Amino acid sequence: MRLSRYFLPTLKEDPKEAQIVSHRLMLRAGMIQQSSAGIYSWLPLGHKVLKNIERIVREEQNRAGALEILMPTLQPADLWRESGRYDDYGKEMLRIVDRHERDMLYGPTNEEQVTDIFRSHVRSYKNLPLNLYHIQWKFRDEVRPRFGIMRGREFLMKDAYSFDLDYEGAKTAYNNMFVAYLKTFARLGLKAIPLRAETGPIGGDLSHEFIVLADTGESEVFYHKNLLDLETPEGNDCSPEDLQAIVDEWTSFYAAADEMHNPETCDVAEADLVSRRGIEVGHIFHFGDKYSKTMGATVAGPDGKDVTVSMGSYGIGVSRLVGGIIEASHDDDGIIWPESVAPFKVGLINLKSGDAECDAACDSFYGKLTEAGVEVLYDDTAGRAGEKFAKMDLIGLPWQATIGPRGVKSGVVEVKNRATGEKQEVALSEALTLLAGRS
RNA sequence: CGGGGCGUAGCACAGCCUGGUAGUGCGCUCGCUUUGGGAGCGAGAGGUCGCAAGUUCGAAUCUUGCUGCCCCGACCA
């Protein structure tokens with residue numbers, strides 16, 4: 001993509017309304033535009049990142065055997081009356097009345113909707129286990145939206161729902177998602193740690209929050225330092241026993257949010273206990289028959305008798321992750337995208353647009369990179385060197401390739417790694433191998 | 001929902017106290033000079049001063065109401 005033909009409205013100065021770093025950088029990098037409090041438009045650069053995150057989340061859900069569906073944003077109130085949540089949910093639920101005076105709502109979540117789908121079509125235990133997910137916009141009318149995209153009112157979320165015959169099955173489904181989440185966050189370039197979360201009246205130990213570590217995080221977390229050294233699991237088709245073993249390993253170390261942490265009862269040695277700040281990006285939860293019971297989601301068991309299915313739900317804040325990744329990965333100059341989610345892999349800087357030799361060298365290099373399947377943002381504008389460098393640093397592409405009059409004479413390009421700042425001058429052909437060779 | 005703050009050009013702000021018809025920096029357009037880390041000079045474009053009533057000969061400025069946004073707290077993916 002040539003920058004001259006792209007839509008990238010960057011800002012040199014910090015917008016006043018943005019306090020935290022991800023919000024500031026997203027506005028400055030031209031990724032989003034606020035529409036109203038907690039509601040944003042996604043501009044091309046931001047949209048690419050959002051879609052990249054969504055893609056990885058989707059791939060890992062599919063790999064874990066979850067099936068993608070798409071449920072509506074607008075739901076009938078009657079479904080929520082069945083579960084009792086229409087009255088319980090409170091003002092965070094945006095309620096709408098259609099032209100026929102029917103009560104509707106903009107979905108803050110989809111348990112009722114998915115339970116309705118399930119009960120309409122699944123009759124036999126032979127169809128279990130089942131895990132349905134979708135990636136859809138949600139709306140929660142937060143009293144106080146803040147932190148830009150991190151806590152908006154409208155947000156993109158992946159939510160999966162598992163259906164099993166009994167608790168044992170549900171536990172395997174839960175463990176399956178637990179492991180999928182570890183893989184997902186690792187691919188997103190994040191250090192995410194699972195925290196045991198409050199399970200409320202349902203009880204049990206099947207509820208975890210996944211927290212991304214970032215100095216600017218919203219809440220404080222305490223954990224055993226060895227937790228971060230664990231290997232991310234690999235491979236597919238794990239048996240229930242394998243899944244359980246992985247979950248057991250990851251939950252064997254102490255980890256708690258500040259409201260759950262009690263220094264009195266915490267038995268981790270002080271030297272091993274780490275305290276950092278974090279951002280919640282995922283939550284998995286087993287809730288048993290809470291909805292299946294009230295909404296009549298049953299299947300015939302092996303003995304022919306109806307069984308109320310056991311359910312769980314598994315959320316990942318896709319749009320929130322955009323902010324979360326920035327919080328976890330930036331410096332004073334701007335964003336530092338992990339390659340897996342970067343909007344472009346390489347930023348090509350033409351230091352002297354209009355100079356025949358520079359233009360020719362850049363155009364050719366751009367063509368070859370593109371041909372090799374590398375996504376490039378090519379700054380072919382007439383700007384000055386300093387502003388081009390600053391802009392590239394700001395938008396955080398993993399690699400910068402700079403071609404200027406000095407290097408073009410000797411046929412070299414300067415390749416800079418955004419994360420390390422390391423620069424090297426290499427021949428054009430070598431740079432091509434370097435940049436196209438990496439996946 | 002309690003408390004606080006702010007709405008003036010695309011962005012950041014001054015002007016308001018003490019009314020007289022709007023300004024600075026950045027950005028944008030054009031020209032010249034520059035050219036390896038957000039350049040210099042010159043010339044331009046761009047504003048119903050959040051909205052509405054009121055006071056006044058006259059309101060960005062004073063009064064009242066409304067509205068939008070931000071921050072702290074309580075609450076949440």
Side-chain angles (χ1 to χ4, degrees), chain A residues 9-20 23-24 27-28 30 33-39 57 89-93 107-110 135-160 181 192 195 197-198 207-212 217-219 257 259 278-285 313-324 332-334 349-355 358 379 381-395 400-409 412-414 416 421 423 425:
Chain A
T10 56
L11 298 171
K12 194 170 163 183
E13 293 170 64
D14 287 330
K16 185 176 63 166
E17 75 266 22
Q19 296 299 313
I20 63 158
H23 191 193
R24 272 205 318 265
L27 288 169
R28 285 195 55 207
Q33 175 173 322
Q34 181 164 327
S35 169
S36 61
I39 303 179
V57 170
Y89 213 91
K91 288 188 165 179
E92 288 193 347
M93 184 155 76
T109 177
N110 289 73
I135 299 175
Q136 177 65 290
W137 292 92
K138 309 273 189 293
F139 194 91
R140 289 182 196 168
D141 200 358
E142 300 281 350
V143 259
R144 192 188 155 204
R146 65 183 112 170
F147 305 148
I149 221 67
M150 300 261 287
R151 179 138 172 233
R153 291 193 290 171
E154 188 180 49
F155 55 96
L156 187 62
M157 184 172 168
K158 184 285 298 181
D159 40 328
Y181 275 34
L195 297 186
E198 294 276 8
S207 177
H208 286 87
E209 292 175 357
F210 286 78
I211 301 285
V212 169
E218 56 199 343
S219 54
E259 68 271 12
I279 300 163
E280 183 183 353
V281 291
H283 197 159
I284 60 177
F285 196 75
S313 73
Y314 315 91
I316 290 181
V318 175
S319 51
R320 168 178 269 205
L321 271 165
V322 180
D332 288 345
D333 296 323
I349 296 176
N350 183 344
L351 274 185
K352 197 169 183 181
S353 296
D355 175 273
C358 274
D379 189 345
T381 65
R384 302 174 59 79
E387 98 191 58
K388 291 189 176 192
F389 289 133
K391 187 175 283 189
M392 280 301 176
D393 284 346
L394 172 64
I395 68 174
Q400 293 172 15
T402 302
I403 296 179
R406 217 164 62 195
V408 84
K409 299 263 188 284
V412 299
V413 51
E414 183 188 276
K416 173 178 155 182
K423 298 174 187 170
E425 290 220 327

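Atom set for the values below is all heavy atoms of this structure, side chains included, hydrogens, waters and symmetry mates excluded. Please read these numbers as outputs of a predicted model, since none were measured by experiment. First the proteins, then the strands, lettered A, B, ... as listed; each starts at 1.
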Can you tell me how far [atom2] of [N] sits from [atom1] of [X], to the nearest Å?
| X | N | atom1 | atom2 | answer |
| --- | --- | --- | --- | --- |
| Gln400(A) | G37(B) | CD | C1' | 10 Å |
| Arg151(A) | C71(B) | CZ | P | 11 Å |
| Glu17(A) | A12(B) | CD | P | 6 Å |
| Asp14(A) | C26(B) | CG | P | 17 Å |
| Lys388(A) | G36(B) | NZ | P | 12 Å |
| Leu11(A) | G38(B) | CG | P | 19 Å |
| Arg24(A) | C71(B) | CZ | P | 12 Å |

Of the nucleotides [options], which one has an atom closest to the side chain of [X]?
| X | options | answer |
| --- | --- | --- |
| Arg140(A) | A77(B), G36(B), G38(B) | A77(B) |
| Ala390(A) | C75(B), C69(B), G38(B) | G38(B) |
| Arg406(A) | G36(B), C69(B), G38(B) | G36(B) |
| Arg144(A) | A39(B), C71(B), G37(B) | C71(B) |
| Leu394(A) | G36(B), G38(B), C75(B) | G38(B) |
| Lys91(A) | G36(B), C1(B), C69(B) | C1(B) |
| Pro15(A) | A77(B), G36(B), A12(B) | A12(B) |
| Gln19(A) | G36(B), C70(B), A77(B) | C70(B) |
| Thr402(A) | C75(B), G36(B), A77(B) | G36(B) |

Distance between the [atom1] atoms of [N] and [M], in whole angstroms?
| N | M | atom1 | value |
| --- | --- | --- | --- |
| C57(B) | C1(B) | C1' | 47 Å |
| A9(B) | G50(B) | P | 8 Å |
| U61(B) | G3(B) | P | 27 Å |
| C26(B) | A22(B) | P | 23 Å |
| C32(B) | C72(B) | P | 50 Å |

Applying the Watson-Crick and G-U wobble criteria at under 3.5 Å, what pairs with [N]? Answer none if nothing qualifies.
| N | answer |
| --- | --- |
| G20(B) | C57(B) |
| C76(B) | none |
| C11(B) | G25(B) |
| C69(B) | G5(B) |
| A52(B) | U64(B) |

Considering only heavy atoms from C-beta outward, does the side chain of Asp393(A) approach that of Lys416(A) to under 4.5 Å? yes
Does the side chain of Glu280(A) come within less than 4.5 Å of Leu195(A)'s, by heavy atoms? no
Assess whether one donor atom and one acceptor atom, taken from the side chain of Glu13(A) and the base of G27(B), lie less than 3.5 Å apart. no
Please confirm whether any donor atom in the side chain of Arg146(A) sits under 3.5 Å from an acceptor in the base of C72(B), or the reverse. no
Using a 4.0 Å heavy-atom cut-off across all strands, classify [X] as base, sugar-phosphate, or nothing.
| X | result |
| --- | --- |
| Gln34(A) | sugar-phosphate |
| Ser36(A) | sugar-phosphate |
| Lys158(A) | nothing |
| Arg153(A) | nothing |
| Gly404(A) | base |
| Gly334(A) | nothing |

G36(B) base stacked by Phe389(A)? Criteria: ring centres under 5.5 Å, plane angle under 30°. no
Quick one: does Arg140(A)'s side chain have a donor or acceptor within less than 3.5 Å of a partner on Glu154(A)'s backbone? no
